[in-house]
Amino acid sequence: MTEKVLGLKCRECGRQYPKEPFHVCEFCFGPLEVDYNYEAIQKSISRESIEQGPESLWRYADLLPIDGEPTDGLNSGFTPLIRAKNLEAVLGVEALYIKDDSVCHPTLSFKDRVVAVALSKAKEFGFDTVSCASTGNLANSVAANAAIANLNCFIFIPADLEMGKVVASLVYAPTVVGIAGNYDDVNRLCSEIAGVYPWAFANINIRPFYAEGSKTFTYEIIEQLGWEAPDHIVVPAAGGSLITKVGKALKEFHTLGLIDKPQTRIHIAQAEGCGPIVTTVKENSDFVKPVKPDTIAKSLAIGNPADGIYAAATVQDSGGYGEHASDDEIIEAIKLLAATEGIFTETAGGVTLAAAQKLIESGRISRDERIVISITGNGLKTIEALDSRVPEPHVIQPQLNAFRKLMTTL
Ligand SMILES: Cc1ncc(COP(=O)(O)O)c(C=O)c1O
Ligand SMILES: [Zn+2]
């Protein structure tokens, strides 16, 4: 087959670059993006060829930027798309689906998708050390996958992350560095480190490759809906990469003739305490004003999002909208999803459901259209958020009488 990846291309000025671990245009400082040869890909891809592929995100390998066979994340992706009947009844909508990446293998968030591609690519480039700046989930995934691949691993996180996120990196025995600052400080420091140490930083120097892994979240939704795009999708954003790739995935499947022209409205969800991209969408602007994060949704706490303007443009071009969620709304939405669909999501999932509720109530999402809510992370990693927000267990003596007595009080 002819080369499916032509190289990298600047999103701003279109200048082309070879397939190398670069992420910024030397001329205009625009971000680089993987440039595919869709004509060549179209010759080898079909619905059938995808359906016969592995039960992992690698069934879409033709649209992922690695040269050889995938070597990482071989069991990642391929998560359930759940018809959420109970939640439909509560929200008063007709066709609601949950894409559930809270059970993505191996580290229970959608970041296992991006890391599958990032580490496969890092090995092709010959790196022996991988790293990342992370709000938690990416750290967990890079650490786990580095352990599997026998790569050295350095993790950089804000020092005040949730215990579940910190332990779920430490357990794989990478070097974990907690920075006294927020994610934007961590990211700035990592950009400097990446200039000095010859490491593959998943979301810095190999970001163009890493980001492509996010597309598989949307490819799967389309395939699971019987090769149809939904009418609405609600997506959480931090750096804005995932939501940008929702737009790219929809376009690519149409370009390749796998689906009809999608009419999907892409809606963005962020916390009130860190929602710079949603603010851009609400103000219908093309500028993202950085903020200082203050929210319980720590995984989404990026005040100066790398892909902010592209994320906002993705939403605006699709006819979608955005909503902020307050800390209380996040917690209520976490509890609602658990009580209706049995899914325990982390704070980011609470943000997404809370935003979806507002979009439905305001009429931005029609009640009779097909809606997908993106659940991207697992609640067991952010249990602090529910401190004193769920009742204490009833503690009794191990005697039937004690239980009978309890029953009279319930
Ligand atoms: C659970 C979860 N959902 C969504 C996101 C947002 O991803 P992006 O930075 O691609 O916007 C993150 C980022 O860390 C995350 O951890
Ligand atoms: Zn450029």
Side-chain angles (χ1 to χ4, degrees), residues 8-17 22-33 35 99-104 107-115 118 132-142 157-158 161-162 164-165 168 183-184 186-187 202-203 207 210-215 217-218 234-248 266 268-271 274-278 288 293 297-308 310-312 314-315 322 330 334 345-353 355 373-382 385:
L8 299 176
K9 196 172 171 182
C10 173
R11 278 196 78 126
E12 291 299 327
C13 74
R15 208 171 239 102
Q16 289 177 313
Y17 290 83
F22 287 142
H23 69 299
V24 188
C25 176
E26 286 170 357
F27 291 87
C28 76
F29 301 111
L32 303 185
E33 195 183 22
D35 188 17
K99 178 60 173 169
D100 189 9
D101 263 18
S102 75
V103 292
C104 201
T107 66
L108 308 178
S109 87
F110 91 96
K111 294 289 182 181
D112 290 324
R113 299 177 183 276
V114 281
V115 173
C132 65
S134 173
T135 55
N137 283 312
L138 176 62
N140 298 165
S141 190
V142 169
I157 49 175
L161 284 190
E162 301 93 340
K165 293 257 169 80
Y183 173 83
D184 300 292
V186 177
N187 190 43
N203 55 340
R207 186 176 180 86
Y210 143 102
E212 292 292 293
S214 279
K215 296 187 305 186
F217 184 80
T218 306
V234 188
V235 188
S241 177
L242 170 64
I243 193 165
T244 308
K245 299 299 175 181
V246 170
K248 186 170 183 187
I266 303 169
I268 181 167
Q270 292 197 298
C274 184
I277 315 175
V278 168
V288 177
K298 295 187 182 189
S299 57
L300 302 183
I302 297 186
N304 188 9
D307 289 305
Y310 305 108
T314 299
V315 173
I330 294 168
I334 290 174
T345 187
E346 69 148 83
T347 45
V351 170
T352 310
L353 178 54
I373 294 181
S374 309
I375 294 301
T376 50
N378 193 296
L380 291 171
K381 296 192 194 182
T382 62

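Atoms within a ligand are numbered from 1 in the order they appear, just like the ligands themselves.
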Among all protein non-hydrogen atoms, which one is nearest to atom 10 (O) of ligand 1, and what is the separation to 0.1 Å? Leu242 N, 2.9 Å
Closest by any non-hydrogen atom to atom 11 (O) of ligand 1: pick that one out of Ser109, Ala211, Ala139, Gly240. Gly240
Please identify each residue that fulfils salt bridge (charged side-chain N to carboxylate O under 4.0 Å, His left out) with Lys248, with sequence neighbours left out. Glu33, Glu212
Atoms of ligand 1 less than 4.0 Å from Lys111 heavy atoms? 7 (O), 9 (O), 12 (C), 13 (C), 14 (O)
Under a plain distance cut-off of 3.5 Å, with no hydrogens placed, do Asp307 and Thr244 share a side-chain donor-acceptor pair? no
Could you check atom 6 (C) of ligand 1 against the protein and tell me its nearest heavy-atom contact, residue, atom and distance included? Ala238 N, 3.5 Å
Result for side-chain contact (heavy atoms from CB on, under 4.5 Å) between Lys381 and one of Thr345, Thr347, Leu161, Asn140 points to Asn140
Would you mind checking if Arg11 and Asp35 are paired as a salt bridge, meaning a charged N to carboxylate O distance below 4.0 Å? no
Out of Val114, Thr352, Asn137, who is nearest to atom 15 (C) of ligand 1 when you count heavy atoms only? Asn137
Which bit of Leu300 is near ligand 1, meaning a heavy atom under 4.0 Å away: side chain, backbone, both or neither? side chain
Counting only protein N, O or S atoms (no waters) closer than 2.8 Å to the Zn ion (ligand 2) gives 4
Counting from 1, what ligand 1 atoms have a heavy atom of Ala237 closer than 4.0 Å? 11 (O)
Enumerate the atoms of ligand 1 whose separation from the nearest heavy atom of Ser241 is less than 4.0 angstrom. 8 (P), 10 (O), 11 (O)
To check you understand the geometry: which heavy-atom pair defines the closest contact between Ala133 and Val186, and what is its length? CB-CG1, 3.9 Å
Any N/O of Glu346 closer than 3.5 Å to an N/O of ligand 1? no
Could you pull out the closest heavy-atom pair between Leu242 and Pro236, with the gap in Å? CD2-O, 4.2 Å
Is any side-chain N of the basic residue among Lys111 and Asp101 closer than 4.0 Å to the acidic one's carboxylate O? no
What protein heavy atom sits nearest atom 9 (O) of ligand 1, and how far away is it? Gly239 N, 2.9 Å
Would Arg113 and Phe217 count as a cation-pi pair here, with the cationic atom under 6.0 angstrom from the ring centre and within 45° of the axis? no
Spell out, as yes or no, whether a donor-acceptor pair under 3.5 Å connects the side chain of Thr352 to the backbone of Ala348. yes
Among all the protein's non-hydrogen atoms, which is closest to atom 2 (C) of ligand 1, and how far away is it? Thr376 OG1, 3.4 Å
What residue and heavy atom of the protein are closest to atom 7 (O) of ligand 1, and at what distance? Phe110 CZ, 3.5 Å
Asn137 versus Thr107: any side-chain heavy-atom pair under 4.5 Å? no
Can you list the ligand 1 atoms lying under 4.0 Å from a non-hydrogen atom of Thr135? 14 (O)
Between Ser102 and Glu346, is any side-chain donor less than 3.5 angstrom from a side-chain acceptor? no
Taking the side chain as C-beta and beyond, is there a heavy-atom pair between Asp184 and Pro293 under 4.5 Å? yes
